[in-house]
There are 2 protein chains.
Amino acid sequence: MSGIERQTGVALWRQIADEIRAAIGNGDHDDTGRLPTEAVLAARFDVNRHTVRQALAALAREGVVETVQGRGTTIVPRRRVTYPISTRTRFSAGLGGQVAQAVTRLVGVSQESATPELAAQLRLAEGAPLLRLETLGEADGVPLSRAVHWFDAERFAGLPDAYRREGSITRALAACGVADYVRQSTEISAAPATASDRADLALQPGAVVLLTRSLNVDAQGHPIQASHSRFAADRVSLSVATEPGSSS
Amino acid sequence: MSGIERQTGVALWRQIADEIRAAIGNGDHDDTGRLPTEAVLAARFDVNRHTVRQALAALAREGVVETVQGRGTTIVPRRRVTYPISTRTRFSAGLGGQVAQAVTRLVGVSQESATPELAAQLRLAEGAPLLRLETLGEADGVPLSRAVHWFDAERFAGLPDAYRREGSITRALAACGVADYVRQSTEISAAPATASDRADLALQPGAVVLLTRSLNVDAQGHPIQASHSRFAADRVSLSVATEPGSSS
DNA sequence: AGTCATTTGTTCGTATGTATG
DNA sequence: CCATACATACGAACAAATGAC
């Protein structure tokens, strides 16, 4: 069972590159961080050595591995940031300690009318005006997530200006009179990265994104913010603590 | 910005198929459930109509769309099962109401020694004997998830037999003296489906899996079960409720 | 019924990419 | 490096089915 298939529209060298990248991501390698030789890989995947070389060349271009003549191919170490999901979910604070600098940048502000789904979530009339903020989450200069946030445009008219002043949604909401809010629900799925994901998050073709749809409510339990986030799955994992007292 | 790229090792028709599949998954289509004509899609992606046809043919083979001569291509309605993650996470019960029949099948039992990570999670000595159960979760005959569960082999020696009698981990644990348990933590990530994922979950090449690593503890807070699960991302989404009183 | 525009299905040929040995 | 076999992509036709008039 070599695992790769022909005539699937994906070139063998790319399938092999994807398998090796996934294996590296799962930590399936010995302590040396050394990949098997090209001849061994060619035998394992049941392809010609040329094909393995093409796969390794692609991974080297991505920066996943490094190949040196006479020495072999070694894995370039990389780590995955864990993003906690709890009642207190906030982007920058959640990454604290794992990275030197976590920032969210505002990349777009617009107004649109509520779809049925968003209206129901935010308890507004269908078609009600919504404020739409697009943000890019980065850690140490590496893009981690792209998100779209929707707010009641009437209640939060001053939010974009506040965001530009304060530099975070939490502080911008505080400036708009929301002293506190909690994450009520999060729905998580995953999908292949789209072309715009690849552009915004600097991903390779074949990469995967983690998708979340979440709702934040204020202290009175009234919904204030609906969000759709897209995380680079090879750089982020989500952590859910399900302890009864997790609200503290 | 057509979004697709040439010479990436992924055939254009497959990139287009992936884009269309993702768009359908995101609900980006009008109410008619009708796809644009081949000519329109060819113009949008800036490719020949043949190439679009190849992409649509692949999606039709997957069952995502249906094409009729003279009429066009329509989306085959499909829904995604939502799997709730909470302190009370149980496979079959969580899907109740969404599907007619949810079952977990035991597909493998073996014994192995604890890795450092598993030993720390289960509070056992490194190398301690572990019971390893592999299960396949299905809903209405469609495979949804594949999971590996680890238990202390000494404490739960009778578990495999109990599972075969009872047909569920929850009831098997009850038979082993664990009247109740709760989900303590869940870590979620995503990755391209591996070859064995595709085989076990009947996935197409290019499919994506949602990965969870979780820990269950008994009423005294002592860890009893560590699990690694792999969900078919196009058939399952995970739902996290983060309400303070969600333990009920 | 028939006509028409629209849309998918099929068949040529040609050029380039992929994979092997 | 080469030669060979097959997959991929394009272009230009024409055939066949659909739905509306």
Side-chain angles (χ1 to χ4, degrees), chain A residues 1-21 35-62 64-65 67 69 73 192 195 198 204-206, chain B residues 1-21 23-24 28-77 192 195 198 204-207:
Chain A
M1 193 199 57
S2 66
I4 59 173
E5 293 166 46
R6 288 147 203 267
Q7 328 218 355
T8 59
V10 183
L12 292 183
W13 64 264
R14 176 149 288 284
Q15 292 186 58
I16 292 167
D18 291 342
E19 285 279 333
I20 294 174
R21 195 193 305 100
L35 249 50
T37 67
E38 293 175 355
V40 168
L41 289 172
R44 177 175 309 169
F45 290 111
D46 197 18
V47 296
N48 195 279
R49 191 168 76 91
H50 287 144
T51 310
V52 168
R53 285 180 58 75
Q54 217 169 341
L56 293 177
L59 290 174
R61 278 197 303 275
E62 291 177 27
V64 176
V65 301
T67 300
Q69 191 174 120
T73 305
R198 293 204 298 272
Q204 301 296 325
Chain B
M1 191 201 55
S2 65
I4 59 173
E5 293 166 46
R6 284 150 203 268
Q7 332 225 350
T8 58
V10 183
L12 292 184
W13 65 265
R14 175 148 289 284
Q15 293 184 59
I16 292 167
D18 292 343
E19 285 280 331
I20 294 174
R21 194 193 305 100
I24 292 172
D28 298 349
H29 54 271
D30 58 15
D31 305 330
T32 68
R34 201 87 139 282
L35 248 52
T37 68
E38 294 174 351
V40 169
L41 289 171
R44 178 176 306 167
F45 289 112
D46 198 19
V47 297
N48 193 275
R49 189 167 74 95
H50 284 307
T51 310
V52 169
R53 285 179 56 73
Q54 220 169 340
L56 293 178
L59 291 175
R61 278 196 302 273
E62 291 178 25
V64 175
V65 300
E66 257 175 6
T67 300
V68 177
Q69 185 174 155
R71 183 148 20 138
T73 305
T74 52
I75 298 165
V76 175
R198 294 203 298 274
Q204 301 294 326

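Lettering follows sequence order; numbering is per chain, from 1. As the structure is a computational prediction, the values presented were derived from the model and not from experiment.
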Donor-acceptor check, side chain of B:Glu19 to backbone of A:Ala195, threshold 3.5 angstrom: yes or no? yes
B:Trp13 CH2 to D:dA9 C1', in whole Å, measures 13 Å
Is there a side-chain contact between A:Val47 and A:Arg6 in this structure, where contact means two heavy atoms from C-beta onward sitting under 4.5 Å apart? yes
Separation of B:Glu5 atom CD from D:dA9 atom C1', in whole Å? 17 Å
Restricting to non-hydrogen atoms, name the atom on A:Ala58 and the atom on A:Trp13 that form the minimum distance, rounded to 0.1 Å. CB-CZ3, 3.7 Å
Separation of atom CG in A:Asp46 from atom P in C:dA19, rounded to whole Å: 13 Å
B:Arg71 or B:Arg14: which one's nearest nucleotide on DNA chain D is closer to the 5' end? B:Arg14
How many whole angstroms separate atom CD1 of B:Ile16 from atom P of D:dT8? 13 Å
Separation of B:Gln69 atom CD from C:dT6 atom C1', in whole Å? 12 Å
Give the intermediate values and the outcome of side chain to side chain contact (heavy atoms under 4.5 Å, CB included) for residues A:Ile20 and A:Val64. CA-CA 10 Å; A:Ile20 294 174; A:Val64 176; over 6 Å; no
Drop me the distance from B:Gln54's CD to B:Asn48's CG, to the nearest 0.5 angstrom. 10.5 Å
If you check the B:Val47 side chain, which of C:dA19, C:dG9, D:dC10 turns out closest? D:dC10
Residues of residues 48-61 of chain A with any non-hydrogen atom less than 4.0 angstrom from an atom of DNA chain D: list those, numerically ordered, please. none
Could you state the atom-to-atom distance from CD of B:Glu38 to P of C:dA5 in whole Å? 20 Å
What distance separates B:Glu66 CD from B:Ile75 CD1, expressed to the nearest 0.5 Å? 11.5 Å
